[in-house]
Student: 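Take this structure, written in structure tokens, and hold onto it; I'll ask about it next.
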Amino acid sequence: MTLKDEVKRARLMKFASAAFYAFCSFFIIVVNKNILTEHKFPSFMFLGIGQMTATIIILYVAKMNKAIHFQDFDKSIPGKIFPLPLLYVGNHVTGLGGTQKLSLPMFTVLRKFTILLTMIMESRILRKSFAPPLVCSVLAIVVGALVAASSDLSFNAEGYTFVLLNDVFTAASGVYTKKKLGMEGLGKYGVLFYNAFIIIIPTVLASAYTGDLEKALTFEGWMSVTFVFYFLLSCVMGFILMYSIILCSYYNTALTTTVVGAIKNVAVMYIGMFIGGDYIFSWTNFIGLNICISAALIYSYITFHSSGSSETNVKPAEDKLSIHITENHLEKT
């Protein structure tokens, strides 16, 4: 393979992994909304447990069938995977708290600081440098978010604290995920498997302690074939979403993964203008959203059209499952 072919393949994998993540992220929102809103399932925590269970089962079966490979469990695993489980739990708790305490516009604007924090953490922890145009586009995304939310400046100290902590946990999780991917023995699948394996037990205990588990198990909808279908689909999609995040971080920087998530969020708000009926139009919000999406698209153009791989060291897929999932997604799109 010539150098030119390698560069083309690197660009394709960077773009395909980002598109795969965006698609999975959007699709699981639709599925989860159907479960929690349409079917009124009472436990988002139990849904998370189902997704972790699916991740563990799918990866374990794939490992037993030698479709993938990652390190067997030993006493070195907790040290290798740390602090990802703690960051995941912190991200989950603060995210839910912030959603309940703040309005959607303010929640959206404060979440955009995740992008800036990710860039700062990558430069500090992973020693990455970013070209001035990329830095400017990130700052423009934050400015656009501030403009979008400027018409809703209600102050809630508790809500602000939750969301800003959520930004820190999200950014740190993305950066440390990227760092752990290069650790010998773990790889993409080891990070996914052991993160879910370590988290699931305390999550089940917390769910039982709060009464959340009992509510989920006594839910009347378990007799509905439609509900069970959507629940199982969400569990599988939870695994695929986590895989897509790992894959996007593997071929791109943690910053690019975060920006892709931001593009998806703005796209959801655009769709909400026409579908759903809960979007309240204002010129400042609309202009801010357009600044956000324009800056994010500029960032994407610079990233995916850059010659070479100065942002990240792009490596070939580790095994059959990685190639298989990526190729299936490309065929569908």
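Values in this document were obtained by computation on a predicted structure and should not be read as measured data.
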Student: Are any non-hydrogen side-chain atoms of K40 and I35 less than 4.5 angstrom apart?
Tutor: no

Student: Is there side-chain contact between Y251 and F20, with heavy atoms separated by less than 4.5 Å?
Tutor: no

Student: Excluding sequence neighbours, so at least two apart, what forms side-chain hydrogen bond (donor to acceptor under 3.5 Å, both in side chains) with S25?
Tutor: K264

Student: Can you name the closest pair of heavy atoms from A22 and V260 and give their distance?
Tutor: CB-CG1, 3.8 Å

Student: If you compare all heavy atoms of D212 against all heavy atoms of P42, which two are closest, and at what distance to 0.1 Å?
Tutor: OD1-O, 4.1 Å

Student: Does K188 qualify as a cation-pi partner of Y250, given the criterion of NZ or CZ under 6.0 Å from the six-membered ring centre and within 45 degrees of its axis?
Tutor: yes

Student: Is there a continuous path of hydrophobic side-chain contacts, each under 4.5 Å between heavy atoms, that joins I302 to L297?
Tutor: yes

Student: Just verifying a value: how many Å separate C24 SG and M242 CE, rounded to the nearest 0.5 Å?
Tutor: 12.0 Å

Student: About how many Å separate CD1 of I77 and CD1 of I198, when rounded to the nearest 0.5 Å?
Tutor: 8.0 Å

Student: With the 4.5 Å side-chain cut-off for hydrophobic clustering, are V61 and L59 part of the same group?
Tutor: no

Student: What about Y209 and L47, same hydrophobic cluster or not, with Ile/Leu/Val/Met/Phe/Trp/Tyr joined at side-chain heavy-atom distances under 4.5 Å?
Tutor: no

Student: More than 12 non-hydrogen atoms from neighbouring residues, nucleotides or ligands closer than 6.0 Å to CZ on F73, yes or no?
Tutor: yes

Student: So which atom in I68 and which in F70 form the shortest heavy-atom distance, rounded to 0.1 Å?
Tutor: CD1-CE2, 3.8 Å

Student: If we only count heavy atoms from C-beta on, is the F197 to I81 side-chain gap below 4.5 Å?
Tutor: no

Student: Could you tell me if the side chain of S207 sits less than 4.5 Å from the side chain of E214, heavy atoms only?
Tutor: no

Student: Apply side-chain contact (heavy atoms from CB on, under 4.5 Å) to residues Y189 and I246 and explain how you reach the verdict.
Tutor: CA-CA 9 Å; Y189 305 110; I246 295 287; over 6 Å; no

Student: Given V168 and M121, is the side-chain contact (heavy atoms from CB on, under 4.5 Å) satisfied, shown in steps?
Tutor: CA-CA 9 Å; V168 173; M121 288 186 184; 4.1 Å; yes

Student: To the nearest 0.5 angstrom, please state how far the CD1 atom of I49 sits from the CE atom of M52.
Tutor: 6.5 Å

Student: For residues K112 and C292, report the shortest heavy-atom separation together with the two atoms involved.
Tutor: CE-SG, 4.2 Å

Student: Of all the heavy-atom pairs spanning Y21 and I245, show the shortest one and how long it is.
Tutor: CE1-CG1, 3.4 Å

Student: Can you find a side-chain donor-acceptor pair between T55 and Y243 that sits under 3.5 Å?
Tutor: no

Student: Going by side-chain contact (heavy atoms from CB on, under 4.5 Å), T177 matches just one of N195, L192, L84, L87. Which one?
Tutor: L84

Student: Please list every donor-acceptor pair under 3.5 Å in which a side-chain atom of residues 229-238 meets a protein atom from a residue at least two apart or in another chain.
Tutor:
residue	atom	partner	partner atom	Å
S234	OG	N32	OD1	2.7
S234	OG	Q51	NE2	3.0

Student: K180 side chain to F82 main-chain N or O, any donor-acceptor pair under 3.5 Å?
Tutor: yes

Student: For the side chain of N252 and the backbone of K14, is there at least one donor-acceptor N/O pair under 3.5 Å apart?
Tutor: yes

Student: With a 3.5 Å distance limit and no angle check, can you tell me whether W222 reaches the backbone of F227 through a side-chain donor-acceptor pair?
Tutor: no

Student: Tell me if the CZ atom of F219 is crowded by more than 12 foreign heavy atoms within 6.0 Å.
Tutor: yes

Student: Does any N or O in the side chain of N34 come within less than 3.5 Å of the main-chain N or O of V30, such that one atom is a donor and the other an acceptor?
Tutor: no

Student: Are the charged groups of K80 and D74 less than 4.0 angstrom apart, N to O?
Tutor: no

Student: Which heavy atom in T253 sits nearest to a heavy atom in Y299, and how many Å separate them?
Tutor: OG1-OH, 3.9 Å

Student: Taking the side chain as every heavy atom from C-beta outward, state whether S173 and Y88 have any pair of such atoms under 4.5 Å apart.
Tutor: no

Student: Might you confirm whether atom CE of M223 has over 12 heavy atoms from other residues, nucleotides or ligands at distances under 6.0 Å?
Tutor: no

Student: Give, for atom OG of S17 and atom CG of L247, the distance between the pair rounded to the nearest 0.5 Å.
Tutor: 5.5 Å

Student: Group every Ile, Leu, Val, Met, Phe, Trp and Tyr by side-chain heavy-atom contacts under 4.5 Å, then state whether I120 and L164 land in the same group.
Tutor: yes

Student: Counting only heavy atoms not in K63, do more than 12 sit closer than 6.0 Å to its NZ atom?
Tutor: yes

Student: Rounded to the nearest 0.5 Å, what separation is found between the CZ atom of F27 and the CG atom of L241?
Tutor: 12.0 Å

Student: Are L86 and L205 co-members of a hydrophobic cluster defined by side-chain heavy atoms under 4.5 Å apart?
Tutor: no

Student: Between I201 and V204, is any pair of side-chain heavy atoms under 4.5 Å apart?
Tutor: no

Student: Where the side chain of E122 meets the backbone of L255, is there a donor-acceptor pair that is under 3.5 Å apart?
Tutor: yes

Student: Counting distance only, does the side-chain N/O of K178 pair as donor-acceptor with the main-chain N or O of S249 below 3.5 Å?
Tutor: yes

Student: Roughly how far apart are I115 CD1 and I141 CD1, rounded to 0.5 Å?
Tutor: 4.5 Å

